[in-house]
Peer 1: 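Mind having a look at this structure? Questions to follow.
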Amino acid sequence: MTAASGKERSSPKAIKFLFGGLAGMGATVFVQPLDLVKNRMQLSGEGAKTKEYKTSFHAVSTILRQEGLRGIYTGLSAGLLRQATYTTTRLGIYTILFEKLTKADGTPPNFLMKAAIGMTAGATGAFVGTPAEVALIRMTADGRLPPDQRRGYSNVFNALVRMSREEGITTLWRGCIPTMARAVVVNAAQLASYSQSKQFLLDSGYFRDDILCHFCASMISGLVTTAASMPVDIAKTRIQNMRMIDGKPEYKNGLDVLMKVIRHEGFFSLWKGFTPYYARLGPHTVLTFIFLEQMNKYYKQFFLSG
């Protein structure tokens with residue numbers, strides 16, 4: 001009886017990790033093209049070169065014209081693996097810590113505690129997901145290069161194997177520090193602002209705990225997260241896509257990226273690609289949390305109700 005009870009207690013925790021990854025993967029299928037456009041925009045004009053894309057719409061039309069409909073989904077396998085690793089870890093840890101710190105009377109953690117939980121979950125998930133992140137950046141950036149300079153990864157597993165063999169295993173964690181820094185900012189902003197927004201909407205009396213409430217809270221959360229995380233994200237993108245020039249890396253670290261962007265491209269270039277970033281992050285946040293809320297709802301209904 002005791003063993004069965006222990007198993008029953010542990011299974012909801014395990015299922016939360018699984019649900020987190022599945023929710024993120026489901027959302028990625030819809031927003032992968034926006035991720036590709038965001039990455040291309042952040043690399044456009046790198047090193048004081050002429051910008052390849054004037055606007056996000058120009059980027060989309062150029063990619064469709066030159067690479068076709070299939071080209072807009074380049075890197076999908078890497079995007080799915082990133083969610084399977086990063087989001088599974090991040091949302092699983094966040095949900096478990098959130099429940100542990102919720103008081104017996106149902107009072108949720110305060111805003112600062114939510115932010116701390118979000119940062120812890122994000123940094124851990126980012127470390128686990130960095131190899132898939134590096135593969136994603138490189139795969140989505142490949143189409144902008146001349147054919148003779150392309151890396152030509154066929155899928156995420158081919159990318160991981162080739163990076164390990166050609167550049168060393170540590171390349172899989174290139175840009176790990178800015179990736180973790182971005183995750184800390186994103187999760188502190190996204191997870192805490194989502195929980196806070198949802199709580200505010202419910203307390204207003206105009207919303208019930210349903211999909212409309214989750215949608216509105218997610219859109220608010222996505223806007224806050226986009227504004228806060230873009231400078232760190234552009235540093236991460238450029239470091240993970242950089243090549244060695246005469247045996248030396250293009251950038252020394254994330255701070256070097258930021259200084260060169262400001263010097264050569266202007267201060268507001270740190271928010272380059274804001275539209276596709278929010279257009280991706282907003283719906284991805286919405287879809288992830290909606291999928292997660294629905295899976296948790298049905299899990300409780302069908303597996304815990306008895």
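FYI, side chains are in, hydrogens and waters are out, and symmetry mates aren't considered; it's all heavy atoms of this structure.
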Peer 1: Knowing that exactly one of L270, V257, V261 qualifies, which makes a side-chain contact (heavy atoms from CB on, under 4.5 Å) with P231?
Peer 2: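 Only match with P231 under side-chain contact (heavy atoms from CB on, under 4.5 Å): L270.
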Peer 1: For S164 and L160, indicate whether the former's side chain and the latter's backbone hold a donor-acceptor pair under 3.5 Å.
Peer 2: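 Present.
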Peer 1: Is there a donor-acceptor pair closer than 3.5 Å between any side-chain N or O of R238 and the backbone N or O of Y251?
Peer 2: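 Answer holds: no.
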Peer 1: Taking side chain as C-beta onward, heavy atoms only, is I63 less than 4.5 Å from Y53?
Peer 2: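 Answer yes - side chains close enough.
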Peer 1: Checking S197 side chain against Y194 main chain: does a donor-acceptor pair fall under 3.5 Å?
Peer 2: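 No: the side chain of S197 does not pair with the backbone of Y194.
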Peer 1: Are Y86 and V128 connected in a single hydrophobic cluster, I mean Ile/Leu/Val/Met/Phe/Trp/Tyr linked by side-chain heavy atoms less than 4.5 Å apart?
Peer 2: no
Peer 1: For residues N155 and N158, determine if any side-chain heavy atom of one lies less than 4.5 Å from a side-chain heavy atom of the other.
Peer 2: yes
Peer 1: Just verifying a value: how many Å separate I117 CD1 and L97 CG, rounded to the nearest 0.5 Å?
Peer 2: 5.5 Å
Peer 1: Any non-hydrogen side-chain atom of V134 less than 4.5 Å from a side-chain atom of L172?
Peer 2: no
Peer 1: Taking 4.0 angstrom as the limit, do E166 and R138 come out as a salt bridge?
Peer 2: no
Peer 1: If every non-hydrogen atom of A228 is compared with every non-hydrogen atom of V185, which pair is closest and at what distance?
Peer 2: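 Between these two residues, the closest heavy atoms are O-CG1, 3.6 Å.
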Peer 1: Taking everything shown except R65 itself, do over 12 heavy atoms lie less than 6.0 Å from its CZ?
Peer 2: yes
Peer 1: Once you round to the nearest 0.5 Å, how far does OG of S269 lie from CG of L258?
Peer 2: 11.5 Å
Peer 1: Between R182 and D233, is there a salt bridge with N-O shorter than 4.0 Å?
Peer 2: yes
Peer 1: Decide whether S195 and Y94 meet the rule of one side-chain donor and one side-chain acceptor closer than 3.5 Å.
Peer 2: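 S195 vs Y94: donor-acceptor pair found between side chains.
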Peer 1: Distance from I262 atom CD1 to F267 atom CZ, nearest 0.5 Å?
Peer 2: 6.0 Å
Peer 1: Report yes or no: do Y277 and S229 form a side-chain donor-acceptor pair below 3.5 Å?
Peer 2: yes
Peer 1: Closest heavy-atom contact between S193 and S221?
Peer 2: OG-OG, 3.2 Å
Peer 1: What's the separation between atom OG1 in T89 and atom CD in Q83, rounded to the nearest 0.5 Å?
Peer 2: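 Separation between the atoms: 11.0 Å.
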Peer 1: Using a distance-only test with no angle check, is there a side-chain donor-acceptor pair under 3.5 angstrom linking T237 and Q42?
Peer 2: yes
Peer 1: Does L101, at its CG atom, have more than 12 non-hydrogen atoms belonging to other residues, nucleotides or ligands within less than 6.0 Å?
Peer 2: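 Buried by this count: over 12 neighbours within 6.0 Å.
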Peer 1: Kindly work out whether a path of hydrophobic side-chain contacts (I/L/V/M/F/W/Y, heavy atoms less than 4.5 Å apart) joins L80 to I72.
Peer 2: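 Yes, one cluster joins them.
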Peer 1: Verify the cluster assignment for V224 and V31: are they in a single hydrophobic cluster under the rule of side-chain heavy atoms below 4.5 Å apart?
Peer 2: no
Peer 1: Minimum heavy-atom separation for C213 to F207, with atom names?
Peer 2: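 Taking every non-hydrogen atom into account, CA-CD2, 4.0 Å.
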Peer 1: Give a yes or no on whether a salt bridge exists between D256 and K260, defined as a side-chain N under 4.0 angstrom from a carboxylate O.
Peer 2: yes
Peer 1: Just how far is it from atom CE of M25 to atom CZ of R82, taken to the nearest 0.5 Å?
Peer 2: 12.0 Å
Peer 1: Sub-3.5 Å donor-acceptor pair from the side chain of S204 to the main-chain atoms of L201, do we have one?
Peer 2: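 Yes; judged by distance alone, with no hydrogens or angles, the pair exists.
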Peer 1: A side-chain contact here means heavy atoms from C-beta on lying under 4.5 Å apart; do T107 and T102 qualify?
Peer 2: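 Sidechains of T102 and T107: no contact.
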Peer 1: Of all the heavy-atom pairs spanning R208 and L202, show the shortest one and how long it is.
Peer 2: C-CD2, 3.5 Å
Peer 1: Taking T140 for its side chain and I137 for its backbone only, find out whether a donor-acceptor pair lies under 3.5 Å.
Peer 2: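 Yes.
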Peer 1: Does atom CZ of R70 have more than 12 heavy-atom neighbours from other groups under 6.0 Å away?
Peer 2: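 Not buried by this count: 12 neighbours or fewer within 6.0 Å.
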Peer 1: Around atom CZ of F215, are there more than 12 heavy atoms of other residues, nucleotides or ligands at under 6.0 Å?
Peer 2: no
Peer 1: Work out which heavy atom in C176 is nearest to a heavy atom in T130; give both atom names and the distance.
Peer 2: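 Smallest interatomic distance, heavy atoms only, reads SG-OG1, 4.0 Å.
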Peer 1: Just to verify, which of K38, M219, M230 counts as forming a side-chain contact (heavy atoms from CB on, under 4.5 Å) with Y278?
Peer 2: M219
Peer 1: Closer than 3.5 angstrom, by distance alone: can the side chain of D142 be matched with the main-chain N or O of G152 as a donor-acceptor pair?
Peer 2: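 A pair under 3.5 Å: yes.
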Peer 1: Decide if atom CZ of F127 counts as having more than 12 heavy atoms of other residues, nucleotides or ligands within a radius under 6.0 Å.
Peer 2: no
Peer 1: Is M113 reachable from F98 through a run of hydrophobic residues whose side-chain heavy atoms are each under 4.5 Å from the next?
Peer 2: yes
Peer 1: Main chain of V156, side chain of S77: is a donor-acceptor contact present, judged purely on distance under 3.5 Å?
Peer 2: yes
Peer 1: T85 side chain to L81 main-chain N or O, any donor-acceptor pair under 3.5 Å?
Peer 2: yes
Peer 1: Would you say that L136 contacts Q32 through its side chain, given a criterion of any heavy-atom pair below 4.5 Å between the two side chains?
Peer 2: yes
Peer 1: Please report the shortest heavy-atom distance between A235 and G254, naming the atom on each side.
Peer 2: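 Of all heavy-atom pairs spanning A235 and G254, the closest is CB-O, 3.9 Å.
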Peer 1: Enter the distance from Y153:OH to T74:OG1 here, rounded to the nearest 0.5 Å.
Peer 2: 14.0 Å
Peer 1: Are V37 and L69 grouped together when hydrophobic residues (ILVMFWY) are joined by side-chain heavy atoms under 4.5 angstrom apart?
Peer 2: yes
Peer 1: Between R174, K236, Q240, which is the residue that forms a side-chain hydrogen bond (donor to acceptor under 3.5 Å, both in side chains) with T179?
Peer 2: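 Among R174, K236, Q240, the one meeting side-chain hydrogen bond (donor to acceptor under 3.5 Å, both in side chains) with T179 is Q240.
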Peer 1: Do the side chains of M139 and L36 get nearer than 4.5 Å, heavy atoms only?
Peer 2: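 No, side chains not in contact.
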